Amino acid sequence: MVVVTDYDDEDAEIKRPKKIYKKINRIVKCLNHDENYVPNNNMWHNIEFIDSFSERRTIRYCYLLVPLDSQGALETFMLNALSENSNEKKEAIRQVRDFVNNFKSNVYLRKRREKVKAELRALLYGSWVEISSGQRNYPSASLGVRLAHSFLHLLFLA
């Protein structure tokens, strides 16, 4: 079992893995439970328990913080990964970020967290619209503008 989470704040390193470990313990009643145990991040751990057939079992789990090397949102990590192998995607992501960061509203996208999520949504939704509709050619607009337009549809249809 892998628990993937953002490395977005101080709680991600100690409080969150400890809380998840306690929840797992409540569900399976770990044999090797230690109330003060804090699982190491990005490493495999064993949890032993007795199943409903009275047999000893082991669950292997990993608490995976993403990105691995620094604090940041999972969405930012995913966008960076998507842009690594494609200049077109890199440019689309840049344009979507520009659009989202310059979007003015008293209701939508007021917090940084909302903006980061919006960037990924716009990219994924725009890609889905292109694939599902069979439309791959918008000669008058850049990919980023088309994705931002798709995002506006998402905002006002939701």
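Please read all numbers here as calculations on a predicted model, not as lab measurements.
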_Applying salt bridge (Lys or Arg N to Asp or Glu O under 4.0 Å) to Lys117 and Glu114, what does each step give before you reach the verdict?_
CA-CA 5 Å; Lys117 291 182 182 310; Glu114 294 170 348; over 6 Å; no
May I ask you to test the [X]-[Y] pair for a side-chain heavy-atom distance under 4.5 Å?
X     : Y     : answer
Asn46 : Ile59 : no
Lys29 : Ile50 : no
Val3  : Leu64 : no
Tyr21 : Ile47 : yes

*asked:* side chain to side chain contact (heavy atoms under 4.5 Å, CB included) for Arg16 and Thr5? Distances and angles first, verdict last.
replied: CA-CA 9 Å; Arg16 204 177 302 154; Thr5 186; 2.7 Å; yes
*Verdict with supporting geometry, Leu79 and Arg97, side chain to side chain contact (heavy atoms under 4.5 Å, CB included)*: CA-CA 10 Å; Leu79 286 170; Arg97 283 181 169 153; 3.6 Å; yes
_Reported NZ-to-CD distance for the pair Lys89 and Glu84, which is rounded to 0.5 angstrom_ = 11.5 Å
*Quick one: pull up CZ in Phe99 and CZ in Arg94 and give me the separation to the nearest 0.5 Å.*
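Rounded to the nearest 0.5 Å, the CZ-CZ separation comes out at 14.0 Å.
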Looking at [X] and [Y], what are the two nearest heavy atoms and their distance?
X      : Y      : value
Val28  : Phe49  : O-CB, 3.2 Å
Met1   : Trp44  : O-CZ3, 3.6 Å
Lys115 : Leu109 : CE-O, 3.1 Å

_Path from Leu120 to Ile93 over hydrophobic side-chain contacts below 4.5 Å_ =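 Yes, because Leu120 and Ile93 connect within a single hydrophobic cluster, where side-chain heavy atoms sit under 4.5 Å apart.
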_Whether the Ser105 and Arg110 side chains hold a donor-acceptor pair (N or O, under 3.5 Å, no angle test) is what I'd like checked._
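Looking only at side-chain atoms, Arg110 and Ser105 do not form any donor-acceptor pair under 3.5 Å.
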*Tell me, with the steps shown, if Tyr61 and Ile24 meet side chain to side chain contact (heavy atoms under 4.5 Å, CB included).*
CA-CA 10 Å; Tyr61 87 101; Ile24 292 171; 4.2 Å; yes
*Just jot down the side chain to side chain contact (heavy atoms under 4.5 Å, CB included) partners of Arg26, sequence neighbours excluded, or say none.*
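Partners of Arg26 under the side chain to side chain contact (heavy atoms under 4.5 Å, CB included) test: Lys23.
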*asked:* Looking at Asn40, is its backbone amide N or carbonyl O close enough to the side chain of His45 to form a donor-acceptor pair, meaning the two atoms are under 3.5 Å apart?
replied: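 Pair found, side chain donor or acceptor close to backbone of Asn40.
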*So, does Asn42 use its side chain to make a donor-acceptor pair with the main chain of Leu65 at under 3.5 Å?*
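Confirmed, Asn42 side chain pairs with Leu65 backbone.
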*asked:* Could you work out, with side chain to side chain donor-acceptor pair (under 3.5 Å) as the rule, every residue matching Asp51, not counting sequence neighbours?
replied: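 Partners of Asp51 by the side chain to side chain donor-acceptor pair (under 3.5 Å) criterion, ordered by chain and then number, come out as Arg57.
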